[in-house]
Amino acid sequence: MTPKYHPQEIENKWQQKWAADHIYKVEEHSKRPKFYALTMFPYTSGDLHIGHWYAMAPADTYARFKRMQGYNVLHPMGFDAFGLPAENAAISRGIHPYDWTMKNIKNMRRQLRSMGAIYDWNREVVTCLPGYYKWTQWFFLKFYHAGLAYRAKAPVNWCPRCQTVLANEQVVGEGFCERCSAPVTKKDLQQWFFRITRYAEELLDHSRLDWPERIKIMQTNWVGKSEGAEISFRLKHAGVEEKEIRVFTTRPDTVFGVTFFLLAPEHPLVSRLTTLEHKTEVTEYVVWCRRQTEYERVAVGREKTGVFLGSYVVNPMNGENVPIWISDYVLPTYGTGAVMAVPAHDERDLEFARKFKLPVRTVIAPPGWTGEELTEAYGGSGTMVNSGEFSGLSSEQGYEAICDSLEEKGSGRRTVVYRLRDWLISRQRYWGAPIPIVYCDRCGIVPVPEKDLPVLLPSDAEFRPTGESPLKYCESFVNTTCPRCSGPAQRETDTMDTFMCSSWYFLRYTSPKTRVAPFNHSKVKQWLPVDLYTGGAEHAVMHLFYARFFIKALKDMGLVEFDEPFTRLFNQGTIIYRGDKMSKSRGNVVASDEYVASLGADAVRGYVMFIGPWELGGEWNDRGIVGISRWLNRVWGLVTTGYTSRVVNPGAEREFLHLTHKTIREVTADLEKFRFNTMLSGLMEFSNYLSRVKESGVVSSSLWREAIAYFVLLLAPAAPHLAEELWNKTGHPYSIHNQPWPEYDEELTKEDEITLIIQVNGKLRDKVLVPSSISDMEAKGLALSRDRVKAYINGKKLAMVIYVPKRVVNVVLG
RNA sequence: GCCGAGGUGGCGGAAUGGUAGACGCGGCGGACUUAAAAUCCGCUUCCCGCAAGGGAGUGUGGGUUCGAGUCCCUCCCUCGGCACCA
């Protein structure tokens, strides 16, 4: 009696042996082509759950497949270890963020090892360790010296009751403080920015990237490029030195329809352009706007608000005086923070005009327009009317003519604006990489010299439940000397956005131990760019976008030689549980440890792959996991018990070879397309077939052994432990994971016989097994001679007979 | 509102424009067992029929085609992203 399949035993055994033999240690010098297969590293939340397995097990299976195909594969793992939850744990449970994080890493590392992946643990990267964040700070300095980092005032979420800054995730519901439920407002703070907008145009170029279309679209929308014109409206207001206000518009052809002018309430000219009699009203409105929560301000369907300043600008095209209003629907951060309002052709402007009884003038006639007042704003193209010398032109011609005219007069020009804003990297938090800047009373802003890095996080900071950054009150940290003049100075107490850490970790994996630089240049040259990056689509416009920017900037600084980090991107779907994405913060995680303990890692790996297409994700349901487990047990029995050849049948052997090679072909194709679910069902079908052959014993023992070897090899990426054990048990040399991927024989995958489908008027009426070499004439003749078909013809006229080679005959009756 | 993905048995899902429902779960029946679990075998889209067979069927309604789950148009629903961007 052969022993039963005990997954835990064999999994433990092989994991230890693989580790002891370093069989997954990445070769530095290899003649094999490189393949960098990267999975987004996890945040150190504490537990690896089914959601992580869903991301990582299929990725590992694919990396293993590439490895067997002969690539030198780098498939590393690490931890995204800075972030707010660590700090919250410190406040609520009195554990230092460092201890909390390292404890979590220890657990997650154990869990990751239990998965049996090919991670080379010598390359592990942990972003919260000084050996790593030193280089995050180093990159900050590089960006600073390249003129890509600057300081400016920017609003933060502010809780007036707690007197503290809130991260977006601490603003809950309709804009309330997570801690005290007070309405959250905005407060301006000096913060650090990266000039990502300088790369807007480059970031729009996805032409060399093999990425999902929807991610490219999301990024394109995020950049939000608009072409149009900047138009100067003249200003003659006593006591105001500015002689013009510029606006951006995508529709310069509607400039004759301007009936009022809008500024954002935050616009710097507002108070100076307000006349005496409107002062009180305007001030009140501006204060009211500031008190609005973000949620209220952007709420859809909200009634328009605004006030008149009492002053006017002049339309450069028709010389008209246009009243200046302010309204909070004008965004201070887009375009110039000022808008020429054309109510006839813009829905929002029309709403505003109706509310405040401002005139509406149609200047673009929709097709078939007869001069009546438009009931809704018309944003399409048409014929220009009420537009002076431009009347009669099409709006497209008018667009060009008005731009030409503005440029001639010097009161405007064609231009492009982007929705994209600069990257705010400051966080008013402790658990992040400190921004390496010192403020000196004498020298001003002074970057910390490279030789003084890292700026270490103080370990003695106090964590008070205020939510204010502990660094601010840590005197040993704040007080320092100026690197330039040695006088007294203060350190910047903000830390960096964790997206900084994740913008370059994939470089560090190539040379994680380097102490003299963030990475070894030649190693990066050897491995990068990443050939395949897999992870969740939730990072479409944050992480993936920042990382692209980062690399483009490094390229321009001469630090790397490529300008796109991730050649190919694949997004797996999301695992939903109880109606929500599975995550620790949502409190709906399904632990993987129990499944690993009871059914084995190979079963869990297999099940997460079997659920459905990887890109679709889906609701977690463990009902089917026993199916995979049972199958692995059957495979065990199939391979480990002896085969006896009985009556060898040449026809059966031909079929056996055919199905073996067809399976190799299909499993290979499925893996290449990330169709792990159909890869497994293909292997199941094959193993079911093998069981039947085993019963009948119709193939020779040598043929059987060969097919079993192929089968185990095909199983190896998905169920690495079981495959290793079976490989060993069938007398093959260690290790299966160093074997080449099986090749199929094209000739053998071809069908000898096919089932010919016979239809009458497109409906299935008969099937017949025929040699695949059957000719057109033979097939049609055969179909017409079938009794079932004759019964349908029954004297009716034959309109036509269609034969689709090797598939179907359709008899069409008149 | 805009952009994207999706809608197929009781469930997860499978189907180069050519046999709809592979594979698995669950269910039903049987074998083994004193019994149960495990395992193995058979059946399992719905309706009519003892059967042979026939009819219906891939969110809705239309279209293209000899033939549509698959292609085109309309609408409905679910999920993800963006959302007063001038």
Side-chain angles (χ1 to χ4, degrees), chain A residues 4 212-222 224-226 228 247-251 254 262 264 297-302 304 327-331 333-342 345-349 351-352 379 417-421 536-538 540-541 571 573-574 576 579 581 606-607 610-613 615-631 633-634 637 675 677-688 691 695 755-767 788 799-813:
Chain A
K4 271 204 67 178
E213 208 55 40
R214 84 200 147 101
I215 302 292
K216 294 196 269 186
I217 290 168
M218 275 189 197
Q219 291 202 344
T220 303
N221 294 342
W222 191 252
K225 178 177 181 172
S226 292
V247 295
F248 172 74
T249 177
T250 53
R251 294 295 301 271
T254 64
L262 289 161
R297 179 153 177 181
V298 302
V300 267
R302 180 167 175 265
K304 291 279 178 289
S327 175
D328 66 358
Y329 80 88
V330 180
L331 305 172
T333 47
Y334 184 77
T336 60
V339 171
M340 61 174 223
V342 186
H345 305 290
D346 181 286
E347 202 187 318
R348 297 152 301 170
D349 296 346
E351 253 181 76
F352 192 89
V417 306
Y418 302 91
R419 199 191 76 119
L420 181 69
R421 322 251 172 94
E538 67 272 22
V541 284
N571 293 117
T574 313
I576 305 294
K581 184 193 163 176
Y607 185 57
F610 192 61
I611 290 174
E615 67 273 23
L616 292 185
E619 173 81 24
W620 170 256
N621 184 334
D622 70 355
R623 277 213 304 263
I625 195 165
V626 292
I628 292 288
S629 176
R630 279 180 205 156
W631 177 62
N633 271 288
R634 283 199 299 274
R675 304 298 282 206
N677 57 332
T678 51
M679 168 199 71
L680 286 169
S681 66
L683 285 173
M684 285 175 185
E685 278 184 83
F686 188 51
S687 73
N688 291 345
S691 300
E695 291 273 303
T755 305
L756 189 66
I757 303 305
I758 300 171
Q759 298 177 332
V760 177
N761 285 337
K763 281 190 188 290
L764 174 75
R765 295 303 178 191
D766 203 2
K767 306 176 197 179
R788 310 262 329 265
M800 62 172 127
V801 180
I802 288 162
Y803 174 57
V804 180
K806 298 186 186 185
R807 294 221 177 259
V808 68
V809 177
N810 189 8
V811 178
V812 184
L813 302 175

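Computation of the quantities below employed the complete heavy-atom set of this structure, encompassing side-chain atoms and omitting hydrogens, waters and symmetry-equivalent molecules. In this text, all values refer to a predicted model and were calculated from it rather than measured experimentally.
- Shown here is A:Glu347, whose CD atom has no more than 12 heavy atoms of other residues, nucleotides or ligands within 6.0 Å.
- In this structure, CD in A:Glu538 is found 6.0 Å from OG1 in A:Thr574, a value given to the nearest 0.5 Å.
- How far CG of A:Leu680 is from CG of A:Leu683: 6.0 Å, rounded to the nearest 0.5 Å.
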Considering only nitrogen or oxygen atoms on both sides, find all protein atoms under 3.5 Å from nucleotides 5-9 of chain B and state each distance.
none

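- Comparing the P positions of B:G7 and B:G54 gives an interatomic distance of 31 Å, to the nearest angstrom.
- As rounded to whole Å, 15 Å separates atom P of B:G12 from atom CH2 of A:Trp620.
- For the residue pair A:Ser226 and A:Tyr334, the shortest heavy atom distance occurs at OG-OH, 3.4 Å.
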Yes or no on side-chain contact (heavy atoms from CB on, under 4.5 Å) for A:Trp620 and A:Ile611, after CA distance, side-chain angles and deciding distance? CA-CA 9 Å; A:Trp620 170 256; A:Ile611 290 174; 3.9 Å; yes

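- Note: CD (A:Glu538) to P (B:C79) measures 18 Å, nearest angstrom.
- Here B:G67 presents its P atom at 20 Å from CG of A:Asp766, a figure rounded to the nearest Å.
- Nucleotide B:A15 is matched to nothing when pairs are restricted to Watson-Crick or G-U wobble geometry with both distances under 3.5 angstrom.
- The residue among A:Gly224 and A:Gly617 whose nearest nucleotide of RNA chain B lies closer to the 5′ end is A:Gly617.
- Heavy-atom minimum distance, A:Met218 versus A:Val541: O-CG1, 3.6 Å.
- As rounded to whole Å, 13 Å separates atom C1' of B:G67 from atom CZ of A:Arg765.
- The gap from the C1' atom of B:G10 to that of B:G26 amounts to 8 Å, rounded to the nearest Å.
- Put simply, CG on A:Asn761 is 8 Å from C1' on B:C66, counting in whole angstrom units.
- The minimum heavy-atom distance between A:Pro212 and A:Asn571, with the atom names listed, is CG-OD1, 3.5 Å.
- Comparing the C1' positions of B:A56 and B:A20 gives an interatomic distance of 13 Å, to the nearest angstrom.
- Across B:G17 and B:C11, the matching C1' atoms stand 29 Å from one another, rounded to whole Å.
- The shortest distance between side-chain heavy atoms of A:Ile802 and A:Val809 does not fall below 4.5 Å.
- A:Thr333 comes within contact range of no nucleotide atom at all, as no heavy-atom separation falls under 4.0 Å.
- Judged by Watson-Crick or G-U wobble contacts below 3.5 Å, the nucleotide B:U58 has no partner.
- Nucleotides B:G27 and B:G4, compared at atom C1', are 38 Å apart to the nearest Å.
- For B:G9, the O4'-C1' to base torsion is within 90° of 0; the nucleotide is therefore syn.
- In this structure, A:Pro613 reaches the sugar-phosphate backbone alone: every heavy-atom distance under 4.0 Å involves primed, P, OP1 or OP2 atoms, never a base.
- Between A:Met800 atom CE and B:U65 atom P the separation is 11 Å, expressed in whole Å.
- A distance of 9.0 Å separates CG of A:Asp766 from CG of A:Leu756, quoted to the nearest 0.5 Å.
- Heavy-atom distances to RNA chain B give each of A:Asn221 and A:Thr336 a nearest nucleotide, and the one nearer the 5′ end belongs to A:Asn221.
- Distance noted for atom C1' between B:A86 and B:G61: 39 Å (whole Å).
- Residue A:Val339 comes nearest to A:Val330 through the heavy atom pair CG2-CG1, 3.8 Å, listed as atom of the first residue, atom of the second, then distance.
- Nucleotide B:G80 forms a Watson-Crick or G-U wobble pair with B:C3, both donor-acceptor distances falling under 3.5 Å.
- Atom name P, nucleotides B:C79 and B:A31: the rounded distance is 48 Å, in whole Å.
- At the heavy-atom level, A:Arg788 lies under 4.0 Å from the strands shown only through sugar-phosphate atoms.
- Nucleotides B:A15 and B:C32 place their C1' atoms 38 Å apart, quoted to the nearest Å.
- The two residues A:Arg251 and A:Thr249 have their closest heavy-atom pair at N-OG1, 2.9 Å.
- Distance CH2 (A:Trp222) to C1' (B:C2): 16 Å, rounded to an integer number of Å.
- Heavy atoms of A:Lys763 sit under 4.0 angstrom from primed sugar atoms or phosphate atoms, though from no base atom.
- In the set B:A86, B:C11, B:G4, B:G4 carries the atom at the smallest distance from any side-chain atom of A:Ile217.
- In this entry the distance linking CG of A:Leu331 with P of B:C84 reads 7 Å, nearest Å.
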Counting primed atoms plus P, OP1 and OP2 as sugar-phosphate and everything else as base, spell out the protein contacts along nucleotides 15-29 of chain B at 4.0 Å heavy-atom distance: B, S or - for each nucleotide, 5' to 3'. -B-BB--BBSSS---

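- When Watson-Crick and G-U wobble pairs are counted only if both distances are under 3.5 Å, B:U70 pairs with no nucleotide at all.
- Contact between A:Tyr607 and A:Arg623 at its shortest, heavy atoms only, is OH-N, 4.5 Å.
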